[in-house]
Undergrad: 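Quick one: structure below, then a few questions.
To find a chain, count down the sequence lines: A is the first, B the second, and so on, and within it residues start at 1.
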Number of protein chains: 2
Amino acid sequence: MVIRQTMSTEDYLEAIALLANGGKPVTVTEISRFLGVKKPSVTHALRKLSAAGLVKHERYRDVTLSTEGAQMAQDVYRRHKALRQFLREILNVAPEVAEEDACRMEHFLSPVSLERLAKFLEFTLNSPHGEPEWLKGFSYYFEHGKRDEKLLARCRREDSGKG
Amino acid sequence: MVIRQTMSTEDYLEAIALLANGGKPVTVTEISRFLGVKKPSVTHALRKLSAAGLVKHERYRDVTLSTEGAQMAQDVYRRHKALRQFLREILNVAPEVAEEDACRMEHFLSPVSLERLAKFLEFTLNSPHGEPEWLKGFSYYFEHGKRDEKLLARCRREDSGKG
DNA sequence: ATGGAGTGTTAGCCAAAGCTAACTAATTCG
DNA sequence: CGAATTAGTTAGCTTTGGCTAACACTCCAT
């Protein structure tokens with residue numbers, strides 16, 4: 001798949017939001033370090049974001065998000081978190097890989113799908129009796145390449161009980 | 001989120017593969033129509049793909065995929081299908097939305113995550129007793145905003161039976 | 001208060017992927 | 001067969017987002 005070497009507006013907003021959460025004022029240098037991009041690229045991006053009203057930035061000064069900018073950043077980050085959590089906690093993908101995939105996919109999840117994914121995670125991970133059986137079943141299936149006989153047996157008992 | 005107005009190499013490969021499956025020879029015009037891009041853009045892209053050895057194309061002639069090109073196209077399409085199926089059949093997202101989201105995300109799913117997602121779908125959708133209970137439970141949860149009392153009650157019985 | 005280190009900006013370049021306009025090749029049909 | 005239509009290409013421009021080199025501003029430490 002594709003290695004992205006170009007940042008989008010959303011990446012800048014997300015980065016600024018994350019850095020701002022660190023408490024310290026957000027600087028061009030830090031954004032540059034965070035995104036792995038040179039400082040002129042950041043300045044360039046900030047001009048656009050500023051023109052779009054997403055960011056407040058006076059020359060040589062710190063950067064802050066506008067209300068809309070913060071909103072957008074939060075939306076991106078929500079998608080990021082949902083995707084990462086799905087990859088890690090449902091699919092059991094390694095944390096670093098989950099993070100990378102989430103970073104790249106976060107820009108492309110529609111609001112509808114996000115809503116459903118979030119609900120799905122909520123439903124699954126806040127299950128009232130701890131990790132659901134089926135999720136354990138999936139771990140088994142993934143590791144052994146077949147379904148867990150014990151669980152299957154139990155299902156069969158339930159099926160016959162119902163019929 | 002982002003509206004992509006620029007196609008990647010992978011989009012062209014996938015399009016060519018899909019059109020080739022239609023049986024008819026693949027032309028610049030068709031690729032152009034399929035991707036919603038002007039013909040010079042296709043010619044341009046084909047030059048690159050051809051240089052990269054992913055596509056066979058002589059001037060004014062039809063287009064075919066090379067072995068590696070076909071391989072890459074298949075990889076993209078596999079990601080596409082897995083994502084679409086997850087969105088549709090697990091999250092119950094509307095088909096058109098699922099298709100669009102899959103189209104945009106397909107380029108960014110790592111091999112590891114794809115493998116796990118595919119297994120997850122296999123595990124869930126080939127369940128030996130039809131649609132799993134938990135998936136029905138999630139539908140209920142999504143529509144009603146709370147868990148299905150009947151299922152919860154049954155779980156409680158099982159819990160006490162185990163303890 | 002000022003000079004230098006470090007931070008930020010500007011100017012100007014490159015590459016990718018689009019586009020339109022204008023051209024050339026291929027094909028079809030009278 | 002040859003002209004007209006369709007298909008494909010080329011040239012050249014635009015935008016976007018990088019980059020480097022060089023310049024400008026800040027601010028701390030002397």
Undergrad: Minimum heavy-atom separation for Y141(A) and K119(B), please, with both atom names.
TA: CE2-O, 3.8 Å
Undergrad: Does dG8(C) have OP1 or OP2 sitting under 4.0 Å from an N or O in the side chain of T29(A)?
TA: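 Yes.
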Undergrad: Would you check if the side chain of H80(B) reaches a backbone N or O of R84(B) as a donor-acceptor pair within less than 3.5 Å?
TA: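 No; judged by distance alone, with no hydrogens or angles, the pair does not exist.
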Undergrad: Roughly, in whole Å, what's the span from CG in D62(B) to C1' in dT27(C)?
TA: 13 Å
Undergrad: When the distance from CZ of R33(B) to C1' of dT6(D) is rounded to whole Å, what number comes out?
TA: 11 Å
Undergrad: Go along nucleotides 19-27 of chain D 5' to 3' and tag each nucleotide: B for a protein heavy atom under 4.0 Å from its base, S when only backbone or sugar atoms are that close, - otherwise.
TA: BBB--BSS-
Undergrad: Do L125(B) and Q85(B) touch side chain to side chain, with heavy atoms closer than 4.5 Å?
TA: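 Contact flag for L125(B)/Q85(B) side chains = yes.
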Undergrad: What distance do N126(B) atom CG and L121(B) atom CG have between them, rounded to the nearest 0.5 Å?
TA: 9.5 Å
Undergrad: Donor-acceptor pairs are to be reported for all side-chain atoms of residues 15-44 of chain B against protein atoms at under 3.5 Å, with residues two or more places apart or in another chain.
TA:
| residue | atom | partner | partner atom | Å |
| --- | --- | --- | --- | --- |
| T27(B) | OG1 | E30(B) | N | 3.1 |
| S32(B) | OG | V37(B) | O | 2.7 |
| T43(B) | OG1 | K39(B) | O | 3.4 |

Undergrad: What's the NE2-C1' distance between H57(A) and dT7(C), to the nearest Å?
TA: 11 Å
Undergrad: Hey, is the side chain of Y12(A) poking within less than 4.0 Å of OP1 or OP2 on dT16(D), counting only N and O atoms?
TA: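 For dT16(D), neither OP1 nor OP2 has a side-chain N or O of Y12(A) closer than 4.0 Å.
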Undergrad: Taking any heavy-atom pair under 4.0 Å as a contact, classify S8(A): base, sugar-phosphate, or nothing.
TA: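 Contact class for S8(A): none.
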Undergrad: Determine, for R79(B) against E10(B), whether the closest basic-nitrogen to carboxylate-oxygen distance falls under 4.0 angstrom.
TA: yes
Undergrad: I want to check one thing: is the phosphate of dT16(D), taken as OP1 and OP2, less than 4.0 Å away from some side-chain N or O of T6(A)?
TA: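 It does not, given that no N or O in the side chain of T6(A) lies less than 4.0 Å from OP1 or OP2 of dT16(D).
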Undergrad: May I ask you to evaluate whether R47(B) reaches the phosphate of dT10(D), defined as a side-chain N or O under 4.0 Å from OP1 or OP2?
TA: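 The answer is yes; a side-chain N or O of R47(B) sits under 4.0 Å from OP1 or OP2.
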